[in-house]
Structure formats: structure tokens, C-alpha cells
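See structure below.
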Amino acid sequence: MKIKIQRESLVEYEVETQDSTLLHVLQTIKTTQDATLTYASGCKSSICGSCAMRVNGTEVLACAYKVQDGDLIEPLKNSPVIRDLVVDMDKAYSFNAKAKAWQNSLSPSTNLTQENEKINEIQSDCILCGSCYSACPVYAVNEEFIGPFSLTRVWRYVSDVREKDSSQKIETIQTNGIWDCTLCNECTLVCPQDISSKADIEKLRSKSAMSGYSDPNFASSFGGGFGGSSFDGSPSF
Amino acid sequence: MKNDVLIIGAGGAGLVAAIHAHNSGAKVLVITKEYPTRSQTSMAQGGINAALGNAGDDSVEAHVQNTLKSAHGIANEEAVRLLCESAPEAVEWLDSIGVCFSRTKDAKIAQRTLGGASAPRACYAQDYTGLKILHTLYDRCLSLGIEILNEKYLLDYIIQDGCACGAIVLDIRTGEVETYESASVIIATGGYSRIYDKHSTNSSSTTGDGIACAIRAGARVSDMEFVQFHPTALKSSSVLISESARGAGGYLLNSKGERFTNELAPRDEVARAINDEMQRGENIFLDIRHLGEKFIDEELPQERKLAKLYENVDPAYDLIPIKPVAHYTMGGIEVDDKSCTIVKGLYAVGECANHRVHGANRLGGNSLLELVVFGKQVAENAVEYAKNFNKTIDDSVQLQDDKDFISKVKAFSNEIDFYKIREELGDMFYTNVGISRDKKSLKSSLVRVKELLSKIHLMGVSDNSKVYNTNLIEFLEFKNMLELSRLVLKGAITRDESRGAHFRADFPNEDEKFKMHTIVDKNGVVS
């Protein structure tokens, strides 16, 4: 079968294979045809998050995707390509720190129930493969957007009963964060771990509302359109 | 500015060390050839041992005795006691930083039984234990502002007047050779199971770089011949299926559908039993169908996903074809009770080190534990040492040497395709240095490895790019694995007995006179 790989230019490779993962095919090309082909990989079992890339426009883990004849392989979007299928994830990863996606203080000897644990079980399955940042149309146009996996990680800690003070996290995600998401759900569709960052963002919105925050877009358009100082400065409702 | 502690490797061991070194007031820098969350630790599934007694009676003493028994006489009891006694505190610490452990009905950390354990002792997070621990450690590092540099490949430690004071690395992205100076160095680079190439559960990055560099720097390694074969890897892909599947009641069956061994014996015994069946022409299967779909989805979700994806079977309804493959390397850099090598300032922790807690065969659930317990201990010792460090570091000669080395490697003739040799080495090791070994095949393997080492300049790279040259990195990794292969073979040939994971068909019994460690340096077997 033939596949095309987006390198500096589009390169076509012919490989003999059936029922092979894309990672296996890439390894075969590299070790038998063209040692310059460049991609990242690690565990070959869908857990290290190294080999996310796009096939026919959709994000996949190369080690979890079975190759089809005619497939077009491209690097992830929205992160700088270093070479061929390898992108620089440093910027996307930096949002975890920016969003303070960690437990604020140590929490010794808290008894968590099974229900407590289930709250963020799936969020803590995240492998940081970056597929969601590649698929995110908001991150595509706003490079300061605290994107899907970081917001999921914020929810993972905010929802954890061991987190005693999530106020800083909630404050941090008000700007370039939860309210900028369009809830398009692209992140959910491409997540290899079946995590829905969109759903987590909605939960963070509710949590924010309970903490007294509101949607700034809504407030400004509402305020700018109806009330505000263009009239007499007093609320018009 | 110079660092107090330089940590090479950002898996579980490296990140635990980083957190504790930072908390001790040291300036810490972590360097990894990948990204931290891509490390081998993410692949640990089964659990982390601690005698909490949350799911049944247990005691630290039982944990100690189980570990010693599985180690077949060559663990250091003092180190094992430290490991097991520190275990409850280690798990409590992980819980306190936010690791999402599975819970019991009465709101305690859930525990399950792994092979060789007399009680349900492994704390777990479904079958994503390593992933969740690693990511939480990473988040903790971020919270402390610990500096981590990604995608830098270790070339050598900086050694001056017999002391380690930094490392020379190849920046994978730019292709530049760089130096990072520090008062002490902690090696946390993982094991060497990828010598077995496709016959290993491990990440393609588990190439033993830090161990090979330690040998070159004058440190010693020990017990390299002890390689653990995990009984249950998927047959066609070598992808790991956790021991917890058997801990929960899974059976091992042969082609006739018969059970043939105690599924919860230590890994060396189970792997040998499977190997014996396979030698008789049997295909071997793991059967967890009777556990039920609901249980599998709750406790073993990853196993189901992996079996479907990589073996085209659904464990809830089908038998899972399996085989034993290389999984964990007990041997590693020889360290003292302060986790220090014989090179001053050079410390080691995690799978790359030999703390003599696993002996001839590691128990499932003890490796995650080891990295938490000794990660803390190594950090404290490295920080203490760094306080008295007052050398002026001059790494100019070594830097030039490593730059020259890279240029030289790029100019190697590349007449012999190292990718083919890498595969050949893996196949040869699986056959000759695998679950069952004998002197003749070990010796012929050593002859071949020596021959390959002498021809390394005839191998090389065809990619001359400076930027992200994985052809070059893979060659450097291969060279390290080839150097370590020689040491594994030397140990295996010297040890004319069978002990734990080292089974010699020509010497099938344990021999008291070999109840000792095989210690090797770059000049050969030391003792």
C-alpha cells in the first residue's frame, strides 16, 4: 500500500503491510527505506503520549491507528513543527503551569470515598499527547488560550476533595480560559483516552459562576449593548 | 549558574528526587531525552506495594519476607527493610500530593494481590497506576517551579579529579553539544530491557544510556545478568498485560485449555513454566473471562483496551494469547547505602541503579515503591554532598571530546545497517540470554557482541541533519545497548548456577558459592 507523509514536502512511501499500526509502518520505513524520516514514539501501547499525529486530517496516536492505503500523515497542528512529524510541545505543556494545574497544598490523610475517586478518574487518565491542542479551533487563533488538556487538568484538581483551596486555579482560568472555549467538542472527538475537555470546561464554568465569576463576553456584549455609560451610567434593567 | 543537583531522567525516580532535592533547598535541574510524562514509569500498571492491610491482614515483616524470598538470597536485607518499612509513608505521600488511587468501600486506598505476595498489598489506580503517579509527580514539580529541560540526550557525565560535576548532552532539537555543570549528579535514566528489542514490554527509549555512561565514567554495575521476563505480554506485539489480571483470579491456559502453573508465583517461576509449555509446542493464553465484563471495566480497563487494539481479542469474551518478554532489569549501577556510586558526587536511583532490593527477581509492585523511597533518599544525600562542593569546574576538554565524538560518529562509514543488527541483537538475546540460558549459547553470543563492538565504526547514520536527528540518537542508544550487552553476558557466563530470573539449563540449581553479586567495571568482572 501507499501512504503520503507531510515532510518538508509531501513524500509517498510504499510499504507491504496488513493490519499494521501506523507506528509500525513508520518504523519499517525508517529502518528499511529512509532513515531520515522523523517522528516521536515511545511505549507503542497508547500510554506515553509521544506519537500523536494526524491521519487524513484527524488526530490519532500512531501506535493505535491501523494504516489504510492512501492515508495522508501529517504532524499535529497548532504547535511548531521541529521536523517532519515531530512538533514542539513546550508551549502547550506550559499551560499546565500557567493554569496552576496541581494540588495547591499537601493533603495528608484525607479519606476519599469511591464516589470521590470516580469524580476525576477519567480526567487523570490524560496522557498529554496534545491531540486536543491540535484539534482546538480556539487555540488555533489564540495562542494564549489555556487549552483543552490543561483545563481538564485544572478540573481534575479542582474536583478533587483533597484540594482545599482552588480559588487561584479558578481565577487563573477566567482569562484566555474557560470562557474563550466555543464548546465545539473537537477535543473530545480526538481524545484517545475518551476524555471530554469540553465537558470539563462546562463544569469549570459552573464552578466559576458559583465563585462569583461570569462570562466576560456575555457581560461586555450585554453591558455594552444595553447598559453601560453610553446612556446615563445606570443599569438599564 | 551552576546547579546543586543535576538529575538525568524525568521518570518517576528522577521526579521524586527533584521534588525532594528542591524541598531540601537545592537548585535543581532535570534533563530528559523525552518529555517527563513520556517516561517508562507511565507504563507501570499493577500497583505500588505497601503493607497497609486495607484489603486483608498484612504486615511490613510479611512484605520483607516476600521480597527476600523472591530475591533468592542476593538482596540486601537492610535495604529491603528500609524499602518495606518506608512503604506506607511513601504511599501516604503520593496520596497527599493528589495521586488518584482506587478506593475501598470504606474510603481507604484499595489494594490487590500481585505475584509472590502473601497479602493484597499493591495500591493501585485502576490499571493506570504508573501513569497517574508519574503525572501527579510532574504536576508537583511544576508547582515547585523545578526546571525541566526536554529532549536532551545524555552523552557523558563531566568527571573532574574523580568527581562527577555535571553532564554533557546533545540537544536533540538543535543538534548542539551542551554542558550542564552541577555539584552533584543523580542518574535516573531507567533500565536496559530494550536490548531485547521487540521482545520487550518496554518503551523504545529504555536503552540504558545512563548506565553505559556510568561505566565509561568509572562507576561499577552489578547483577546485570538478572533480567525479568514478564509472563504475560501480548503475543504479537509484546504489549504488557498487567499481573493484576492474574492477581484478580485470571488463569494461564495451554492449547488444551489446561492450567499448568500457579499463576501467582513470582514472575521468574511463571515465565519459566510458560516457557516450558511453549517449548513443548503449546500456545499460551491468559483467561480472565470469568472475572466478568463489569469487573474488567472497573479494575482493568487498560488491559481490555490493549488486548482489543493490539491482539484483536476482547478479554471479556476471548482468551488472550500471551508470551513472556523482557520487562525489567534488576541489575544496574552499583550504589552504596547513600545511593552513591564509587565516583564521588555521582548518584543513581530507580531501575538504572542496583539498590539490591530486588536481588535475582523483582516482585511486582516493588519498582514504583523503590523509586519513591530511594528517590527521596538519593535526593537528601546528593544535596548534602553538594553543600560541601567548592570546585571550579572546567569541562572544556570533555566538551570538545564529545563534540569530536559526534562528528566522528556522523562520519562512520555506515556499511553495516545498525537497524538490522539491533534487531539481530534482540533476537539473539531473546533466544540465548532469555528465560533459559546455557554456557555454549551465552559464549557464542558474547563472541558476536564483541565482533559487533569492533565493527561499530562500520555502522553509523545516513541522516546528517543537525535538527532532530533520531537516526543519530537511535544509533547512540544502540551503541550503549551493545556495550551493556557485553556486561550482561559476562555476568551470565560467570554465574554457573540458576537463581531467580537467571536460569541456566546446564546448571539448573542454586549454588551457595554464587550467593553473591556480580560486579563489573569497564575493565571486566571485579568480583
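Lettering follows sequence order; numbering is per chain, from 1.
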Worksheet entry | Region of B:Lys105 that comes under 4.5 Å of a non-hydrogen atom in chain A | both
Item to complete: Under 4.5 Å, counting heavy-atom pairs only, tell me which of A:Ser105, A:Cys126, A:Gly49 racks up the most with chain B.
Response: A:Cys126
Practice prompt. Give the member of B:Glu474, B:Gln302, B:Arg38 that has the highest number of heavy-atom pairs under 4.5 Å with chain A.
Written response: B:Arg38
Discussion item. Looking only at heavy atoms and a cut-off of under 4.5 Å, which of B:Ser42, B:Ser143, B:Ser204 has the most pairs with chain A?
Written reply: B:Ser143
Worksheet entry | Heavy-atom contact with chain A under 4.5 Å, split by part of B:Thr201 | backbone
Worksheet item: Relative to chain A, which segment of B:Phe101 carries a heavy atom at a distance below 4.5 Å: side chain, backbone, both, or neither?
Response: backbone
Worksheet item: Of the backbone (N, CA, C, O) and the side chain (C-beta and beyond), which part of B:Ser237 lies under 4.5 Å from a heavy atom of chain A, both, or neither?
Response: backbone
Worksheet item: Is chain A contacted by the side chain of B:Asp417, its backbone, both, or neither, given a heavy-atom distance below 4.5 Å?
Response: side chain
Worksheet item: Under a 4.5 Å heavy-atom cut-off, does chain B meet the side chain of A:Lys100, its backbone, both or neither?
Response: neither
Discussion item. Can you tell me which portion of B:Thr174 sits under 4.5 Å from chain A's heavy atoms? Options are side chain, backbone, both or neither.
Written reply: neither
Discussion item. For B:Val99, which atoms come within 4.5 Å of any heavy atom of chain A: side chain, backbone, both, or neither?
Written reply: backbone
Fill in: Interchain contact, A:Lys66 with chain B, by part (heavy-atom threshold 4.5 Å)
side chain
Worksheet item: Heavy-atom distance under 4.5 Å to chain A: side chain of B:Asn202, backbone, both or neither?
Response: backbone
Worksheet entry | B:Gln40 portion near chain A, given a 4.5 angstrom heavy-atom threshold | neither
Item to complete: Check each atom of B:Tyr468 against the heavy atoms of chain A and say whether the ones under 4.5 Å are side chain, backbone, both or neither.
Response: both
Fill in: A:Asp84 portion near chain B, given a 4.5 angstrom heavy-atom threshold
neither
Worksheet item: Is the number of heavy atoms from other residues, nucleotides or ligands under 6.0 Å of A:Glu12 CD greater than 12?
Response: yes
